[in-house]
Number of protein chains: 2
Amino acid sequence: MNIGDVARRSGLPAKTIRYYEEIGLISPLRGANGYRSFRDSDLHKLAFLGRARSLGFSIEDCRGLLKLYEDDSRASADVKRIAQEHLHRIEAKIEELQTMHGTLSHLVAACAGDARPDCPILSDLAESDAAPQPGAQRRS
Amino acid sequence: MNIGDVARRSGLPAKTIRYYEEIGLISPLRGANGYRSFRDSDLHKLAFLGRARSLGFSIEDCRGLLKLYEDDSRASADVKRIAQEHLHRIEAKIEELQTMHGTLSHLVAACAGDARPDCPILSDLAESDAAPQPGAQRRS
DNA sequence: ATAAGGATTCCACTTGCTGGAAGGTCAAGA
DNA sequence: TCTTGACCTTCCAGCAAGTGGAATCCTTAT
(Lines give C-alpha, C1' and ligand atoms only; values in the text may rest on other atoms or scores of the structure.)
Protein backbone atom coordinates (compact mmCIF):
# COMPACT_ATOMS: atom_id res chain seq x y z
CA MET A 1 0.00 0.00 0.00
CA ASN A 2 1.13 3.52 -0.79
CA ILE A 3 0.65 6.37 1.61
CA GLY A 4 -2.48 7.62 -0.16
CA ASP A 5 -4.29 4.34 0.34
CA VAL A 6 -3.27 4.16 3.96
CA ALA A 7 -4.35 7.75 4.47
CA ARG A 8 -7.80 7.01 3.07
CA ARG A 9 -8.15 3.80 5.02
CA SER A 10 -6.87 5.11 8.34
CA GLY A 11 -8.54 8.50 8.07
CA LEU A 12 -5.21 10.21 8.81
CA PRO A 13 -3.66 12.81 6.49
CA ALA A 14 -0.58 11.63 4.60
CA LYS A 15 1.38 14.44 6.25
CA THR A 16 0.52 13.05 9.64
CA ILE A 17 1.54 9.55 8.63
CA ARG A 18 4.94 10.80 7.47
CA TYR A 19 5.24 12.64 10.73
CA TYR A 20 4.44 9.50 12.70
CA GLU A 21 7.18 7.70 10.84
CA GLU A 22 9.60 10.54 11.51
CA ILE A 23 9.01 10.31 15.26
CA GLY A 24 9.27 6.54 15.20
CA LEU A 25 5.68 5.48 15.81
CA ILE A 26 5.63 3.39 12.64
CA SER A 27 8.32 2.04 10.34
CA PRO A 28 6.90 1.24 6.93
CA LEU A 29 9.09 -0.51 4.37
CA ARG A 30 10.36 1.22 1.26
CA GLY A 31 9.88 0.14 -2.35
CA ALA A 32 12.57 0.32 -5.03
CA ASN A 33 11.20 3.70 -6.11
CA GLY A 34 11.63 5.17 -2.63
CA TYR A 35 7.90 5.12 -1.92
CA ARG A 36 6.78 3.98 1.52
CA SER A 37 5.27 0.50 1.39
CA PHE A 38 2.75 -0.09 4.16
CA ARG A 39 1.87 -3.52 5.49
CA ASP A 40 -1.46 -4.36 7.07
CA SER A 41 0.25 -4.13 10.45
CA ASP A 42 1.24 -0.54 9.69
CA LEU A 43 -2.32 0.30 8.77
CA HIS A 44 -3.56 -1.26 12.00
CA LYS A 45 -1.11 0.74 14.02
CA LEU A 46 -2.17 3.93 12.29
CA ALA A 47 -5.83 3.21 12.98
CA PHE A 48 -4.92 2.50 16.59
CA LEU A 49 -3.06 5.79 16.77
CA GLY A 50 -5.92 7.69 15.18
CA ARG A 51 -8.34 6.34 17.76
CA ALA A 52 -6.01 6.99 20.68
CA ARG A 53 -5.38 10.53 19.48
CA SER A 54 -9.12 11.10 19.09
CA LEU A 55 -9.45 10.22 22.78
CA GLY A 56 -6.93 12.95 23.47
CA PHE A 57 -3.94 10.79 24.37
CA SER A 58 -0.64 12.57 23.84
CA ILE A 59 1.83 11.26 21.31
CA GLU A 60 3.99 9.96 24.14
CA ASP A 61 0.99 8.17 25.66
CA CYS A 62 0.29 6.73 22.24
CA ARG A 63 3.85 5.48 22.02
CA GLY A 64 3.41 3.72 25.34
CA LEU A 65 0.01 2.31 24.45
CA LEU A 66 1.28 1.02 21.13
CA LYS A 67 4.19 -0.66 22.85
CA LEU A 68 1.83 -2.33 25.31
CA TYR A 69 -0.50 -3.27 22.47
CA GLU A 70 2.34 -5.12 20.77
CA ASP A 71 3.51 -6.76 23.97
CA ASP A 72 1.69 -10.03 24.53
CA SER A 73 2.98 -10.26 28.08
CA ARG A 74 1.77 -6.80 29.09
CA ALA A 75 -0.13 -6.19 32.32
CA SER A 76 -3.47 -4.48 31.85
CA ALA A 77 -2.55 -2.43 34.93
CA ASP A 78 0.01 -0.56 32.84
CA VAL A 79 -2.59 0.33 30.25
CA LYS A 80 -5.09 1.33 32.88
CA ARG A 81 -2.59 3.59 34.60
CA ILE A 82 -1.91 5.53 31.41
CA ALA A 83 -5.62 5.84 30.73
CA GLN A 84 -6.40 6.92 34.27
CA GLU A 85 -3.74 9.59 34.29
CA HIS A 86 -5.12 10.90 31.05
CA LEU A 87 -8.61 10.82 32.49
CA HIS A 88 -7.42 12.95 35.40
CA ARG A 89 -5.87 15.45 33.03
CA ILE A 90 -9.15 15.61 31.13
CA GLU A 91 -11.07 16.18 34.35
CA ALA A 92 -8.72 18.95 35.41
CA LYS A 93 -9.04 20.61 32.03
CA ILE A 94 -12.83 20.40 32.12
CA GLU A 95 -12.86 22.01 35.54
CA GLU A 96 -10.56 24.78 34.39
CA LEU A 97 -12.76 25.45 31.38
CA GLN A 98 -15.90 25.39 33.49
CA THR A 99 -14.43 27.99 35.81
CA MET A 100 -13.62 30.20 32.83
CA HIS A 101 -17.07 29.57 31.45
CA GLY A 102 -18.70 30.59 34.70
CA THR A 103 -16.87 33.89 34.93
CA LEU A 104 -17.19 34.71 31.29
CA SER A 105 -20.86 33.91 30.95
CA HIS A 106 -21.66 36.21 33.89
CA LEU A 107 -19.70 38.98 32.26
CA VAL A 108 -21.26 38.45 28.86
CA ALA A 109 -24.73 38.47 30.39
CA ALA A 110 -23.98 41.74 32.15
CA CYS A 111 -22.76 43.49 29.01
CA ALA A 112 -25.34 45.50 27.10
CA GLY A 113 -23.63 44.83 23.79
CA ASP A 114 -24.74 48.08 22.22
CA ALA A 115 -23.04 51.18 20.81
CA ARG A 116 -22.15 52.64 24.19
CA PRO A 117 -18.63 52.24 25.58
CA ASP A 118 -19.59 51.07 29.09
CA CYS A 119 -18.66 47.44 29.41
CA PRO A 120 -18.53 45.23 32.49
CA ILE A 121 -16.27 42.80 30.66
CA LEU A 122 -13.57 45.41 30.21
CA SER A 123 -14.18 46.77 33.70
CA ASP A 124 -13.57 43.35 35.14
CA LEU A 125 -10.43 42.77 33.13
CA ALA A 126 -9.14 46.20 34.10
CA GLU A 127 -9.80 45.78 37.79
CA SER A 128 -6.60 46.54 39.65
CA ASP A 129 -6.77 44.17 42.57
CA ALA A 130 -3.84 42.15 43.85
CA ALA A 131 -1.61 40.39 41.39
CA PRO A 132 -2.83 36.83 40.80
CA GLN A 133 -0.76 34.30 42.72
CA PRO A 134 0.44 31.21 40.87
CA GLY A 135 -2.38 28.74 40.55
CA ALA A 136 -4.94 31.11 42.05
CA GLN A 137 -8.48 31.10 40.69
CA ARG A 138 -10.34 34.33 40.22
CA ARG A 139 -13.83 34.62 41.59
CA SER A 140 -16.48 33.00 39.44
CA MET B 1 9.89 50.38 37.16
CA ASN B 2 12.21 47.64 36.01
CA ILE B 3 10.94 44.38 34.63
CA GLY B 4 11.39 42.54 37.94
CA ASP B 5 9.06 44.90 39.77
CA VAL B 6 6.48 44.70 37.04
CA ALA B 7 6.74 40.93 37.03
CA ARG B 8 6.09 40.77 40.77
CA ARG B 9 3.25 43.28 40.61
CA SER B 10 1.52 41.84 37.56
CA GLY B 11 2.10 38.21 38.44
CA LEU B 12 3.55 37.56 34.99
CA PRO B 13 7.02 36.07 34.46
CA ALA B 14 9.60 38.52 33.14
CA LYS B 15 10.05 36.25 30.14
CA THR B 16 6.40 36.60 29.28
CA ILE B 17 6.56 40.37 29.62
CA ARG B 18 9.48 40.52 27.20
CA TYR B 19 7.52 38.29 24.86
CA TYR B 20 4.50 40.58 25.06
CA GLU B 21 6.69 43.49 24.09
CA GLU B 22 8.16 41.51 21.23
CA ILE B 23 4.72 40.83 19.76
CA GLY B 24 3.63 44.41 20.26
CA LEU B 25 1.15 44.11 23.11
CA ILE B 26 3.07 46.63 25.20
CA SER B 27 5.76 49.19 24.43
CA PRO B 28 7.66 50.12 27.57
CA LEU B 29 10.20 52.94 27.38
CA ARG B 30 13.92 52.33 27.65
CA GLY B 31 16.30 53.88 30.15
CA ALA B 32 19.77 55.13 29.29
CA ASN B 33 21.18 51.77 30.40
CA GLY B 34 18.99 49.85 27.93
CA TYR B 35 16.70 48.56 30.67
CA ARG B 36 12.98 48.60 30.00
CA SER B 37 11.26 51.35 31.95
CA PHE B 38 7.63 50.55 32.70
CA ARG B 39 5.01 53.21 33.36
CA ASP B 40 1.91 52.59 35.44
CA SER B 41 -0.02 52.30 32.20
CA ASP B 42 2.24 49.43 31.13
CA LEU B 43 1.65 47.69 34.42
CA HIS B 44 -2.10 48.12 34.03
CA LYS B 45 -2.00 46.68 30.55
CA LEU B 46 -0.01 43.70 31.77
CA ALA B 47 -2.47 43.06 34.60
CA PHE B 48 -5.28 43.34 32.05
CA LEU B 49 -3.51 40.86 29.80
CA GLY B 50 -2.89 38.49 32.67
CA ARG B 51 -6.55 38.46 33.56
CA ALA B 52 -7.70 38.07 29.97
CA ARG B 53 -5.26 35.20 29.43
CA SER B 54 -6.45 33.55 32.64
CA LEU B 55 -9.93 33.56 31.14
CA GLY B 56 -8.48 31.71 28.18
CA PHE B 57 -8.57 34.51 25.62
CA SER B 58 -6.05 34.01 22.84
CA ILE B 59 -3.27 36.53 22.37
CA GLU B 60 -5.06 37.90 19.32
CA ASP B 61 -8.25 38.29 21.33
CA CYS B 62 -6.21 40.07 23.98
CA ARG B 63 -4.82 42.39 21.38
CA GLY B 64 -8.34 43.27 20.30
CA LEU B 65 -9.61 43.64 23.86
CA LEU B 66 -6.70 45.88 24.79
CA LYS B 67 -7.37 48.06 21.77
CA LEU B 68 -11.02 48.39 22.74
CA TYR B 69 -10.04 49.03 26.33
CA GLU B 70 -7.94 51.98 25.22
CA ASP B 71 -10.60 53.29 22.85
CA ASP B 72 -12.96 55.62 24.69
CA SER B 73 -15.39 55.58 21.80
CA ARG B 74 -15.65 51.79 21.65
CA ALA B 75 -18.99 50.02 21.41
CA SER B 76 -19.55 47.43 24.11
CA ALA B 77 -21.02 45.26 21.35
CA ASP B 78 -17.52 44.74 19.98
CA VAL B 79 -16.25 43.56 23.33
CA LYS B 80 -19.25 41.34 23.83
CA ARG B 81 -18.81 39.72 20.45
CA ILE B 82 -15.21 38.76 21.20
CA ALA B 83 -16.23 37.38 24.59
CA GLN B 84 -19.17 35.46 23.17
CA GLU B 85 -17.11 33.84 20.46
CA HIS B 86 -14.60 32.79 23.07
CA LEU B 87 -17.41 31.46 25.22
CA HIS B 88 -18.60 29.33 22.33
CA ARG B 89 -15.11 27.95 21.81
CA ILE B 90 -14.96 27.11 25.50
CA GLU B 91 -18.31 25.34 25.30
CA ALA B 92 -17.21 23.36 22.28
CA LYS B 93 -14.01 22.34 24.01
CA ILE B 94 -15.88 21.29 27.13
CA GLU B 95 -18.20 19.14 25.06
CA GLU B 96 -15.29 17.55 23.25
CA LEU B 97 -13.57 16.76 26.53
CA GLN B 98 -16.76 15.40 28.03
CA THR B 99 -17.16 13.05 25.10
CA MET B 100 -13.62 11.82 25.57
CA HIS B 101 -14.22 11.53 29.28
CA GLY B 102 -17.34 9.45 28.74
CA THR B 103 -15.63 6.97 26.46
CA LEU B 104 -12.48 6.75 28.50
CA SER B 105 -14.13 6.36 31.87
CA HIS B 106 -16.18 3.44 30.56
CA LEU B 107 -13.04 1.80 29.26
CA VAL B 108 -11.10 2.41 32.44
CA ALA B 109 -13.94 1.00 34.51
CA ALA B 110 -14.00 -2.12 32.35
CA CYS B 111 -10.28 -2.77 32.67
CA ALA B 112 -9.21 -5.12 35.43
CA GLY B 113 -5.90 -3.34 35.87
CA ASP B 114 -4.06 -6.42 37.02
CA ALA B 115 -1.11 -8.47 35.78
CA ARG B 116 -3.05 -10.16 32.98
CA PRO B 117 -2.72 -8.91 29.42
CA ASP B 118 -6.45 -8.79 28.56
CA CYS B 119 -7.47 -5.18 28.31
CA PRO B 120 -10.70 -3.65 27.00
CA ILE B 121 -8.93 -0.32 26.54
CA LEU B 122 -6.49 -1.78 24.06
CA SER B 123 -9.22 -3.88 22.47
CA ASP B 124 -11.26 -0.78 21.84
CA LEU B 125 -8.35 1.15 20.40
CA ALA B 126 -7.44 -1.78 18.17
CA GLU B 127 -10.95 -2.28 16.85
CA SER B 128 -10.78 -2.28 13.07
CA ASP B 129 -14.04 -0.63 12.11
CA ALA B 130 -14.44 2.00 9.41
CA ALA B 131 -11.96 4.82 9.20
CA PRO B 132 -13.19 7.81 11.16
CA GLN B 133 -14.66 10.49 8.92
CA PRO B 134 -13.58 14.10 9.44
CA GLY B 135 -15.42 15.53 12.41
CA ALA B 136 -17.02 12.22 13.35
CA GLN B 137 -17.45 11.34 17.01
CA ARG B 138 -16.87 7.82 18.20
CA ARG B 139 -19.48 6.19 20.35
CA SER B 140 -19.43 7.26 23.96
C1' DA C 1 37.98 44.86 43.51
C1' DT C 2 34.71 41.76 43.26
C1' DA C 3 30.64 39.26 43.92
C1' DA C 4 25.65 38.97 43.81
C1' DG C 5 21.59 39.96 41.68
C1' DG C 6 19.46 42.06 38.32
C1' DA C 7 19.03 43.25 33.36
C1' DT C 8 19.90 42.48 28.19
C1' DT C 9 19.87 39.66 23.78
C1' DC C 10 19.60 35.55 21.06
C1' DC C 11 18.76 30.77 20.10
C1' DA C 12 16.59 26.51 20.80
C1' DC C 13 12.79 23.77 22.40
C1' DT C 14 8.01 22.51 23.46
C1' DT C 15 3.09 19.79 20.88
C1' DG C 16 1.30 17.93 16.90
C1' DC C 17 1.00 18.69 13.18
C1' DT C 18 0.17 21.69 8.48
C1' DG C 19 1.47 24.25 4.22
C1' DG C 20 4.23 24.87 0.46
C1' DA C 21 8.17 24.47 -2.75
C1' DA C 22 10.97 21.73 -5.72
C1' DG C 23 11.46 17.67 -7.65
C1' DG C 24 11.01 12.24 -8.85
C1' DT C 25 7.53 8.44 -10.50
C1' DC C 26 3.87 6.26 -12.67
C1' DA C 27 -0.17 5.22 -15.54
C1' DA C 28 -3.24 6.66 -19.08
C1' DG C 29 -4.56 9.16 -23.20
C1' DA C 30 -3.54 11.65 -27.93
C1' DT D 1 6.30 8.87 -27.90
C1' DC D 2 5.05 12.68 -25.42
C1' DT D 3 2.56 14.81 -22.13
C1' DT D 4 -0.53 15.49 -18.53
C1' DG D 5 -2.00 14.73 -14.01
C1' DA D 6 -1.98 12.31 -9.94
C1' DC D 7 0.98 10.43 -7.00
C1' DC D 8 5.11 10.27 -4.23
C1' DT D 9 9.58 12.21 -2.10
C1' DT D 10 12.32 15.57 0.87
C1' DC D 11 13.11 19.79 3.19
C1' DC D 12 11.98 24.22 5.22
C1' DA D 13 8.89 27.25 7.68
C1' DG D 14 5.31 28.25 10.73
C1' DC D 15 1.27 28.01 14.21
C1' DA D 16 0.35 29.26 20.01
C1' DA D 17 2.29 30.99 23.76
C1' DG D 18 5.59 30.88 25.91
C1' DT D 19 9.99 28.52 28.59
C1' DG D 20 14.88 27.46 29.32
C1' DG D 21 19.52 28.49 28.93
C1' DA D 22 23.89 30.86 27.56
C1' DA D 23 26.66 34.80 27.19
C1' DT D 24 27.06 39.34 28.42
C1' DC D 25 26.17 43.87 30.64
C1' DC D 26 24.67 47.01 34.57
C1' DT D 27 24.13 48.23 39.43
C1' DT D 28 24.94 48.03 44.11
C1' DA D 29 27.11 46.68 48.23
C1' DT D 30 30.83 44.98 50.68
Side-chain angles (χ1 to χ4, degrees), chain A residues 1-38 42 45-46 48-66 86 89-90 93 96-97 100 132 134-135, chain B residues 1-38 42 46 48-66 85-86 89-90 93 96-97 100 132 134-135:
Chain A
M1 271 179 289
N2 282 348
I3 200 169
D5 305 310
V6 183
R8 266 183 299 279
R9 293 166 69 169
S10 68
L12 295 172
K15 280 270 185 189
T16 299
I17 297 172
R18 290 192 194 100
Y19 173 67
Y20 286 174
E21 180 187 17
E22 191 187 320
I23 63 175
L25 287 178
I26 53 164
S27 299
L29 303 175
R30 293 290 177 140
N33 55 10
Y35 286 18
R36 287 171 185 81
S37 177
F38 294 84
D42 296 314
K45 282 197 209 177
L46 287 168
F48 182 100
L49 289 168
R51 283 188 280 262
R53 293 287 299 132
S54 82
L55 286 178
F57 284 105
S58 72
I59 290 288
E60 285 317 302
D61 279 349
C62 288
R63 197 187 298 278
L65 290 171
L66 206 49
H86 179 43
R89 282 191 296 271
I90 288 175
K93 190 72 190 174
E96 186 191 345
L97 288 172
M100 290 178 186
Chain B
M1 270 179 289
N2 283 347
I3 200 167
D5 306 309
V6 183
R8 267 183 298 279
R9 295 167 67 170
S10 69
L12 295 172
K15 279 270 185 190
T16 298
I17 297 172
R18 291 193 192 98
Y19 173 67
Y20 285 175
E21 179 187 17
E22 191 187 319
I23 63 174
L25 286 179
I26 52 165
S27 298
L29 302 175
R30 293 289 177 141
N33 55 9
Y35 285 19
R36 288 170 184 81
S37 176
F38 294 84
D42 295 316
L46 287 169
F48 182 100
L49 288 168
R51 283 187 280 263
R53 293 286 301 131
S54 82
L55 285 178
F57 284 105
S58 72
I59 290 288
E60 285 318 301
D61 278 350
C62 289
R63 198 187 297 279
L65 290 171
L66 207 48
E85 281 169 11
H86 178 43
R89 281 192 296 271
I90 289 176
K93 190 71 190 174
E96 186 190 345
L97 288 172
M100 289 177 185

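Quick caveat: nothing in here was measured; it's all calculated off a predicted structure.
As a whole-Å value, the separation of A:Ile23 CD1 from C:dC13 P is 17 Å. B:Glu21 places its CD atom 14 Å from the P atom of C:dA7, with the value rounded to the nearest Å. Between the CD1 atom of B:Ile17 and the C1' atom of C:dG6 there is a distance of 14 Å, rounded to whole Å. Protein atom NZ of B:Lys15 is 13 Å distant from nucleotide atom P of C:dA7, rounded to whole Å. Here C:dT8 presents its C1' atom at 17 Å from CG of B:Leu29, a figure rounded to the nearest Å. One atom, OH of A:Tyr35, and another, P of C:dG24, lie 12 Å apart when rounded to the nearest Å. Atoms CD (B:Glu22) and P (C:dT9) sit 10 Å apart, rounded to a whole Å.
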Going through the checks in order, is the side-chain contact (heavy atoms from CB on, under 4.5 Å) test met by A:Arg36 and A:Asn2? CA-CA 6 Å; A:Arg36 287 171 185 81; A:Asn2 282 348; over 6 Å; no

Walk me through it: do A:Asp42 and A:Val6 pass the test side-chain contact (heavy atoms from CB on, under 4.5 Å)? CA-CA 9 Å; A:Asp42 296 314; A:Val6 183; over 6 Å; no

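Across all strands shown, A:Tyr20 has heavy atoms under 4.0 Å from sugar-phosphate atoms exclusively, and none from any base. Nucleic acid contact for B:Arg18: base, since at least one base atom lies under 4.0 Å from a heavy atom of the residue.
Taken from OG in A:Ser37 to CD1 in A:Ile3, the straight-line distance is 11.5 Å, to the nearest 0.5 Å. Put simply, CD1 on A:Ile26 and CG on A:Leu49 are 7.5 Å apart, with the number rounded to the nearest 0.5 Å. Here the CD-CG distance, from B:Glu85 to B:Asp61, works out to 7.5 Å after rounding to the nearest 0.5 Å.
Proximity of A:Ser58 to the phosphate of C:dT15: no side-chain N or O atom is located under 4.0 Å from OP1 or OP2. A close approach under 4.0 Å does occur between a side-chain nitrogen or oxygen of A:Asn33 and OP1 or OP2 of C:dC26. An OP1 or OP2 oxygen of C:dG16 is reached within less than 4.0 angstrom by a side-chain nitrogen or oxygen of A:Arg53.
Both B:Ile59 and A:Gly4 lie close to DNA chain D; mapped to their nearest nucleotides by heavy-atom distance, the more 5′-ward contact belongs to A:Gly4.
Nucleotides of DNA chain D with any atom under 4.0 Å from a heavy atom of chain A span, from 5' to 3', D:dC7 to D:dC11.
Side chain of B:Arg89 to main chain of B:Lys93: no donor-acceptor pair is present (N/O by atom type, distance under 3.5 Å, no hydrogens or angles). Panel note: side chain A:His86, backbone A:Leu55; a donor-acceptor pair is recorded below 3.5 Å.
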